[in-house]
Amino acid sequence: MSSIQYAILSISLLIPSLSSANDWVNIASSNESHLYLNMSSVKEKKQYNQTLVQGWIKSVIFNDLTQDGLSVGDYYMSLYQTDCNEQKFGLITQTRYKKEKVFGESYQPYSVNMQYAIPETIGAGIIESLCIANEIKQGRITANDE
């Protein structure tokens with residue numbers, strides 16, 4: 001089973017339980033953190049004749065490689081926006097948490113800088129996960145369609 005099929009299956013299994021408190025689906029990992037998509041936060045938004053998809057991503061540190069004041073178990077909460085047709089994404093806001101408390105200032109740009117993701121990167125995985133999760137939530141595809 002490919003990683004895409006696995007992601008679709010994982011996401012589709014959670015659709016019936018979207019009202020539960022545990023709506024996080026593991027979508028990617030790096031050598032430092034695991035990324036989780038909050039399924040209940042995925043939504044479509046119309047903006048300037050475009051359909052955009054937004055969703056919250058939680059990046060939990062499991063291997064503290066970056067010396068930024070965070071350590072194992074700390075995390076980032078990031079709200080991403082993606083244009084599934086153009087395959088672009090951008091960061092709307094990001095907050096760091098240390099021991100379950102806000103750490104430092106939140107990042108919130110004046111405007112969202114939409115960029116293409118390099119294939120086979122975390123960014124490409126975020127785009128793909130948000131777009132697939134939205135298609136499933138909208139009832140346009142099922143896990144069997146892939």
Side-chain angles (χ1 to χ4, degrees), residues 1-70 74-98 102-146:
M1 178 181 291
S2 75
S3 61
I4 301 305
Q5 290 171 324
Y6 179 75
I8 290 173
L9 179 61
S10 297
I11 290 169
S12 66
L13 291 174
L14 288 177
I15 296 298
S17 62
L18 285 179
S19 61
S20 74
N22 191 6
D23 294 339
W24 297 94
V25 177
N26 187 327
I27 59 167
S29 292
S30 69
N31 56 355
E32 184 170 29
S33 61
H34 297 299
L35 277 72
Y36 302 89
L37 171 62
N38 183 277
M39 285 297 297
S40 62
S41 73
V42 176
K43 65 180 179 179
E44 279 189 349
K45 174 184 169 185
K46 304 286 186 197
Q47 182 178 2
Y48 306 115
N49 295 323
Q50 292 178 306
T51 300
L52 303 172
V53 178
Q54 294 180 348
W56 283 98
I57 306 282
K58 184 177 189 177
S59 178
V60 181
I61 299 167
F62 71 88
N63 185 16
D64 189 18
L65 299 175
T66 306
Q67 301 304 310
D68 59 359
L70 298 180
D74 296 336
Y75 58 94
Y76 292 81
M77 289 290 290
S78 307
L79 180 60
Y80 282 96
Q81 170 175 288
T82 187
D83 181 331
C84 297
N85 293 326
E86 294 293 322
Q87 291 293 291
K88 290 182 173 184
F89 77 121
L91 182 61
I92 297 172
T93 187
Q94 184 178 68
T95 302
R96 298 182 301 167
Y97 290 85
K98 183 173 183 69
V102 174
F103 179 72
E105 296 291 319
S106 292
Y107 170 76
Q108 191 163 5
Y110 178 73
S111 63
V112 178
N113 181 16
M114 299 290 283
Q115 298 180 355
Y116 293 104
I118 298 169
E120 299 180 20
T121 63
I122 297 290
I126 289 171
I127 292 171
E128 186 172 43
S129 297
L130 282 169
C131 295
I132 290 171
N134 184 60
E135 290 296 301
I136 292 170
K137 283 185 78 172
Q138 299 298 323
R140 294 189 282 253
I141 64 170
T142 65
N144 297 327
D145 290 340
E146 189 60 26

Novice: If we ignore hydrogens and angles and just use 3.5 Å, is the side chain of Ser129 paired with the main-chain N or O of Ile126 as donor and acceptor?
Specialist: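 Pair absent, no side-chain N/O of Ser129 close to backbone of Ile126.
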Novice: Are there more than 12 heavy atoms of other residues, nucleotides or ligands under 6.0 Å from atom CD of Glu105?
Specialist: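 No, because the 6.0 Å sphere around CD of Glu105 holds 12 heavy atoms or fewer from other groups.
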Novice: Tell me the closest heavy-atom pair linking Gly123 and Ala117, and the distance in Å.
Specialist: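 Between these two residues, the closest heavy atoms are C-CB, 3.6 Å.
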Novice: Once salt bridge (Lys or Arg N to Asp or Glu O under 4.0 Å) is applied, do any residues pair with Glu86, and if so which ones, sequence neighbours excluded?
Specialist: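 Glu86 satisfies salt bridge (Lys or Arg N to Asp or Glu O under 4.0 Å) with no other residue.
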Novice: Is the backbone of Tyr107 close enough, under 3.5 Å, to the side chain of Thr93 for a donor and an acceptor to pair up by distance?
Specialist: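 Answer holds: yes.
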Novice: Can you tell me how far apart CE (Met39) and CG (Leu130) are? Round to the nearest 0.5 Å.
Specialist: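 Atom-to-atom, Met39:CE and Leu130:CG are 9.5 Å apart.
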Novice: Which distance, rounded to the nearest 0.5 Å, do you find between the CD1 of Ile27 and the CD1 of Ile132?
Specialist: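 Answer rounded to 0.5 Å: 10.5 Å.
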Novice: Between the main-chain N or O of Ala28 and the side-chain N or O of Asn26, is there a donor-acceptor pair closer than 3.5 Å?
Specialist: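 Checked: pair present.
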Novice: Identify the heavy atoms of Tyr116 and Gln87 that sit nearest to each other, and give their distance.
Specialist: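 Nearest heavy atoms, Tyr116 then Gln87: CD2-O, 3.7 Å.
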Novice: Over all heavy atoms of both residues, which pair between Asn38 and Ser41 is shortest? Give the atoms and the distance, please.
Specialist: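 Result for this residue pair: O-OG, 2.7 Å.
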Novice: Give, for atom NZ of Lys43 and atom CD of Gln54, the distance between the pair rounded to the nearest 0.5 Å.
Specialist: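 Spacing of NZ (Lys43) from CD (Gln54) equals 5.0 Å.
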Novice: Checking Lys58 side chain against Leu35 main chain: does a donor-acceptor pair fall under 3.5 Å?
Specialist: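 Checking the backbone N and O of Leu35 against the side chain of Lys58, no donor-acceptor pair under 3.5 Å is found.
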Novice: Walk me through whether Leu91 and Tyr80 qualify under side chain to side chain contact (heavy atoms under 4.5 Å, CB included).
Specialist: CA-CA 5 Å; Leu91 182 61; Tyr80 282 96; 3.9 Å; yes
Novice: With side chains defined as the heavy atoms from C-beta onward, is the minimum distance between Leu79 and Gln94 less than 4.5 Å?
Specialist: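 The answer is no, as the side chains (C-beta and beyond) never meet within the 4.5 Å cut-off.
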Novice: Would you find a donor on one side and an acceptor on the other, under 3.5 Å apart, between the side chain of Thr82 and the backbone of Lys88?
Specialist: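 Flag set: sc Thr82 to bb Lys88 pair under 3.5 Å.
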Novice: Between the main-chain N or O of Glu135 and the side-chain N or O of Gln138, is there a donor-acceptor pair closer than 3.5 Å?
Specialist: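 Looks like no, no N/O pair under 3.5 Å.
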Novice: Can you run down the ring-ring contact (aromatic ring centres under 6.0 Å, His included) pairs that involve residues 39-65, sequence neighbours left out, and say none if there aren't any?
Specialist: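 Sorted result for residues 39-65: His34-Phe62.
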Novice: Hydrogens and angles aside, do Thr66 and Asp68 bring a side-chain donor and acceptor to less than 3.5 Å of each other?
Specialist: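 No - no donor-acceptor pair under 3.5 Å links their side chains.
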Novice: With a 4.5 Å limit on heavy-atom distance, are the side chains of Thr95 and Gln108 in contact?
Specialist: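 Thr95 vs Gln108: side chains apart.
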Novice: To the nearest 0.5 Å, how far apart are CD in Glu128 and CG in Leu37?
Specialist: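 The CD atom of Glu128 sits 12.0 Å away from the CG atom of Leu37.
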Novice: Keeping the roles fixed (side chain from Asn63, backbone from Asn31), state whether a donor-acceptor pair exists under 3.5 Å.
Specialist: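 Such a contact is found between Asn63 side chain and Asn31 backbone.
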Novice: I'd like to know whether Val60 forms a side chain to side chain contact (heavy atoms under 4.5 Å, CB included) with Ser33, so could you lay out the CA-CA distance, the side-chain angles of the two residues, the decisive distance to 0.1 Å, and finally the verdict.
Specialist: CA-CA 5 Å; Val60 181; Ser33 61; 5.8 Å; no
Novice: Is the count of non-hydrogen atoms from other residues, nucleotides or ligands lying under 6.0 Å from Ile118 atom CD1 greater than 12?
Specialist: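 For Ile118, atom CD1 is not crowded (no more than 12 foreign heavy atoms under 6.0 Å).
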Novice: When rounded to the nearest 0.5 angstrom, what is the spacing between CD in Glu44 and OG1 in Thr51?
Specialist: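 Answer rounded to 0.5 Å: 5.5 Å.
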Novice: About how many Å separate NZ of Lys45 and CG of Asn134, when rounded to the nearest 0.5 Å?
Specialist: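 These two atoms lie 13.5 Å from each other.
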Novice: Would you check if Gln81 and Val53 make a side-chain contact, meaning some heavy-atom pair closer than 4.5 Å?
Specialist: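 The answer is no, as the side chains (C-beta and beyond) never meet within the 4.5 Å cut-off.
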Novice: Could you tell me if the ring centre of Phe103 sits under 6.0 Å from that of Tyr97?
Specialist: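 When the ring centroids of Phe103 and Tyr97 are compared, they turn out to be at least 6.0 Å apart.
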Novice: Taking the side chain as everything from C-beta on, heavy atoms only, tell me whether Asp74 gets closer than 4.5 Å to Arg96.
Specialist: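 No; the side chains remain at least 4.5 Å from each other.
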